[in-house]
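Some notes on the structure that comes next.
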Amino acid sequence: IITASLVAAYTNLAKRFKAEKAKNQAIENGLKGILRIEILDTYDKCVANNRKISVSRKDAISSVYHSYVALCESQDEVDDTVKQLYEEIVHMALE
């Protein structure tokens with residue numbers, strides 16, 4: 001009886017862990033998508049403003065970019081387009 005109870009408890013715990021892991025992965029993917037869109041939108045706004053960005057906006061988008069990178073499993077997962085646009089945004093702030 002004890003062994004059966006332990007197996008049932010373990011099975012239940014394993015299912016909950018798997019569901020929680022899938023939920024966390026979905027949240028992480030959603031957050032990365034939102035951060036990516038913020039970087040793309042900032043770039044579009046910079047271009048619309050004749051390639052100018054305030055220093056405070058550059059600092060804010062820098063925080064967004066670093067959060068995006070931190071959520072990526074590896075540097076290979078960082079979207080090259082996002083990386084390139086971020087570098088251009090930083091360059092626009094220096095002009």
Side-chain angles (χ1 to χ4, degrees):
I1 295 174
I2 294 173
T3 304
S5 296
L6 289 173
V7 168
Y10 175 78
T11 302
N12 184 27
L13 190 59
K15 285 181 185 178
R16 287 179 30 202
F17 178 75
K18 186 176 179 180
E20 192 68 27
K21 186 176 178 182
K23 182 179 177 181
N24 287 341
Q25 186 63 48
I27 291 169
E28 184 178 303
N29 289 339
L31 186 54
K32 282 193 305 191
I34 291 168
L35 295 173
R36 183 179 189 280
I37 288 169
E38 183 63 27
I39 292 167
L40 296 173
D41 286 348
T42 297
Y43 179 80
D44 289 343
K45 289 175 186 173
C46 289
V47 171
N49 281 338
N50 296 319
R51 304 184 67 80
K52 295 185 181 185
I53 185 173
S54 69
V55 173
S56 61
R57 181 72 175 155
K58 185 220 110 190
D59 290 343
I61 208 64
S62 179
S63 177
V64 168
Y65 177 75
H66 291 294
S67 296
Y68 170 81
V69 171
L71 284 170
C72 293
E73 296 289 324
S74 68
Q75 288 297 323
D76 294 337
E77 192 180 326
V78 176
D79 186 333
D80 288 338
T81 301
V82 170
K83 184 177 182 179
Q84 179 182 351
L85 294 182
Y86 168 72
E87 289 171 0
E88 288 186 37
I89 291 168
V90 170
H91 183 71
M92 287 180 218
L94 300 175
E95 292 178 344

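Annotation: the span from Ile39 atom CD1 to Leu85 atom CG amounts to 8.5 Å, rounded to 0.5 Å. Between atom NZ of residue Lys58 and atom CD1 of residue Ile53 there is a gap of 9.0 Å, rounded to the nearest 0.5 Å. Distance check: Ile89 CD1 to Leu40 CG gives 8.0 Å after rounding to the nearest 0.5 Å. Here Ile61 contributes atom CD1 and His66 contributes atom NE2; the two are 10.5 Å apart, rounded to the nearest 0.5 Å.
A salt bridge does not link Glu77 with Arg36: every distance from a Lys NZ or Arg NE/NH1/NH2 to an Asp or Glu carboxylate oxygen is 4.0 Å or more.
In the hydrophobic cluster analysis, where Ile, Leu, Val, Met, Phe, Trp and Tyr join through side-chain heavy atoms closer than 4.5 angstrom, Leu35 is grouped apart from Ile37. Transitive grouping of hydrophobic side chains (ILVMFWY, heavy atoms separated by less than 4.5 Å) keeps Val69 and Ile34 in distinct clusters.
Residue Ile2 shares its hydrophobic cluster (ILVMFWY side chains chained together at separations under 4.5 Å) with Leu6.
Residues passing the side chain to side chain contact (heavy atoms under 4.5 Å, CB included) test with Asn29 are Gln25, Lys32, sequence neighbours excluded.
Looking at Lys83 and Tyr65, their side chains come closer than 4.5 Å, going by heavy atoms from C-beta outward. In this structure, Glu28 and Asn24 have side chains that are not in contact, with every pair of non-hydrogen atoms separated by 4.5 Å or more.
At a cut-off of 3.5 Å, with distance as the only test, a side-chain donor of Tyr86 or Ser62 sits close to an acceptor on the other residue.
Using a distance-only test at 3.5 Å, with no hydrogens or angles considered, a donor-acceptor pair links the side chain of Ser5 to the main chain of Ile1. Tyr68 places no side-chain N or O within 3.5 Å of a backbone atom of Gly33 that could act as its donor or acceptor partner.
Among pairs with a residue in residues 15-51, none fulfils ring-ring contact (aromatic ring centres under 6.0 Å, His included), at least two apart in sequence or across chains.
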Query - Full working for salt bridge (charged side-chain N to carboxylate O under 4.0 Å, His left out) between Arg57 and Glu38 - result: CA-CA 12 Å; Arg57 181 72 175 155; Glu38 183 63 27; 2.9 Å; yes
